[in-house]
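Letters go in sequence order (proteins before strands), and every chain restarts at 1.
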Amino acid sequence: MKLKLIPFLIAILITTVFASCKKTVELPAQPQNKITEYKVVNLTDTVIYGAIDQIDKSITVYVPFYLNLTVIDPAISVSQGAGIVGKVEPIPISAQDVKYTVKAADGSTNVYTLKIVQQNTPSLTVDWSANATLEVSPLLQLPPIIGDFQSRNGSLVQVQMTNQKSNKVVTFPTGSAFSLSPSDNLYVLNGVILPADIDTGSYKVKVTYLGHTSEITRPIHVFFQQPNLLIPSREVKQGGTISFTSFNTVFVGFKAASVTVNGKTYDLPIQSYTYTDMTLKIPDDFPVGVYYYTAQYSFQFDGWDAVKKIGALTVTAK
Amino acid sequence: MRSITNNLTKWLGMLTIAGMLFSSCSKSNNPAPDPKTDTPAASGSVPFYKLQRVENFSAPTDDSAPTTAPPVLYFSLENKAQAPADYQKTARWDLSFSNLYNSFIGANNGKDATNPGYTANGVGGILILKQAFETVTDVPADKDFSTSKTFGTDDQGAFGEGTGWYLYDFGGNIRGDGSYNKQHVAYAMPESRTLVVRTATGNYAKIKMISCYKDVFTADKWFRDTPHMYFTFEYVIVPKGSTKFEIK
């Protein structure tokens with residue numbers, strides 16, 4: 001009896017084995033709306049891969065400070081047949097709200113959030129460079145600032161100057177054309193040019209870089225200096241206007257201008273002026289002529305020496 | 001009897017294991033790898049082999065400070081559009097317009113420390129040929145392209161810096177009639193100069209610089225007070241690896 005049962009059991013087993021071999025398990029179709037690769041390509045001979053989290057739909061990109069990146073330019077791979085909605089553009093590394101929508105061929109979408117993590121220096125200490133003269137005038141550069149910036153990326157530096165009397169703040173935002181150059185084990189910041197309209201007085205200077213802020217202990221003094229201007233050649237009709245621009249200084253207390261030609265002096269009424277520009281009227285009765293570097297200009301500024309210049313002036317009839 | 005039972009037990013064991021193996025092997029429960037589509041970083045919209053024309057690409061100027069270098073401007077040949085300054089360290093531009101009146105033209109290269117695109121992924125270069133655009137048919141060898149040079153004023157005019165794409169007529173008596181209005185005119189020289197550029201992504205373009213004056217494209221209409229700098233130029237791009245410039 002046992003011996004008859006055994007072939008029966010074997011037959012059942014073999015049937016089971018074959019049946020299992022034919023078994024197919026249908027899985028639900030995978031949605032084809034994923035970002036499959038994210039890499040930053042605006043680097044020489046290398047890339048930075050973003051870490052893609054398909055659960056919380058995020059991409060994390062770590063940006064080391066020493067790569068001096070201000071923007072990241074991504075190359076993105078998506079599921080077959082899918083595409084990114086909208087253009088993929090370079091992104092400032094400070095951006096926090098970037099999202100990518102992937103649209104599959106079947107119309108389904110996925111939205112990924114980009115997280116940029118800046119891997120920055122541990123601290124920042126800054127000071128004026130040795131032997132710096134702590135006096136400066138509008139439109140001129142601050143003295144060099146030395147610090148442990150550890151990179152050449154001057155465009156990530158922000159500088160703030162606070163007037164110690166009025167507390168008025170002048171901000172030079174990131175993205176300014178500052179330069180950072182190595183000096184021994186430190187870096188020197190240059191190119192911080194004062195605006196024309198900065199008030200005179202004593203200022204505290206604060207530098208922000210890669211998430212750290214450091215204030216320079218010694219203040220700097222901002223003062224006006226003798227106004228000066230360049231006199232390019234000008235051609236104008238009688239009764240018309242001519243303009244001049246300041247040269248490394250600002251116009252303060254501007255009160256009168258005149259020009260002497262053929263031994264006669266003509267007042268040039270001020271039409272308008274700013275710290276950097278002046279517009280003057282040529283009198284209606286100004287003699288027509290070409291005064292090729294024989295026009296003797298004189299500019300009066302309250303409290304300053306008169307500025308005398310010789311220039312080329314051509315005056316034509318109305 | 002015992003030996004038969006033992007043998008049967010062994011067979012049963014072996015068959016069970018085999019069955020499990022077969023069944024596990026055959027199940028199609030491994031999802032297929034996710035196929036993908038690449039979105040290139042700097043995909044250009046300009047087709048190859050088609051003549052393109054750009055009119056009045058504008059550079060702000062300040063005639064009262066002619067020697068002060070203005071901010072560099074960037075232009076993408078691949079997209080036929082200006083690129084923002086923020087894109088300087090990317091391969092999203094192919095031409096830089098720098099220096100005097102933004103008139104010196106360079107390429108985008110990430111490996112040259114003197115290039116504005118240094119540290120990024122641009123592979124561009126530039127050269128200038130003393131030929132008219134139409135006669136330039138061969139793509140020059142890669143070794144002939146410069147990653148650091150920029151081309152602007154030609155030695156035939158004032159303040160020339162070697163071979164350039166325009167002639168600066170300071171006194172108005174080189175190309176002009178010597179009159180006041182013909183002084184300080186910049187003459188593009190499409191009849192004898194062609195810029196050749198390797199783009200930031202490695203394609204090739206030849207460029208005919210036509211004018212730097214607004215809305216006027218012939219020398220007879222260029223005067224000292226004609227609004228400038230408005231660059232007008234034509235170009236064609238051929239793909240990486242090409243040996244000929246063709247317009248189809």
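Considering every non-hydrogen atom in both B/R92 and A/P74, the closest pair reads NH2-O, 4.4 Å. The two residues A/L43 and B/N121 come nearest to each other via the heavy atoms O-CB, 3.4 Å. Among all heavy-atom pairs drawn from A/D73 and B/A91, the shortest one is OD2-N, 4.4 Å.
Taking NZ from B/K89 and CG from A/N153, the interatomic distance works out to 8.5 Å, rounded to the nearest 0.5 Å. Expressed to the nearest 0.5 Å, how far CD of B/Q88 lies from OG of A/S155 amounts to 8.5 Å. Considering NZ of A/K87 and CG of B/N79, their distance stands at 6.5 Å, rounded to 0.5 Å.
When the candidates B/G122, B/G117, B/A120 are compared by the number of heavy-atom contacts under 4.5 Å with chain A, B/A120 comes out ahead.
When side chains are defined from C-beta on, B/T90 counts as touching A/V71, because their heavy atoms get closer than 4.5 Å.
Surrounding NZ of A/K103 are at most 12 heavy atoms belonging to other residues, nucleotides or ligands under 6.0 Å away. Other residues, nucleotides and ligands contribute over 12 non-hydrogen atoms within 6.0 Å of the NZ atom of B/K182. Heavy-atom contacts from other residues, nucleotides or ligands closer than 6.0 Å to NZ of A/K309 number more than 12.
For the pair A/D45 and B/K111, the salt-bridge criterion is met [side-chain N within less than 4.0 Å of a carboxylate O].
With a 4.5 angstrom heavy-atom cutoff, B/Y180 touches chain A only via side-chain atoms.
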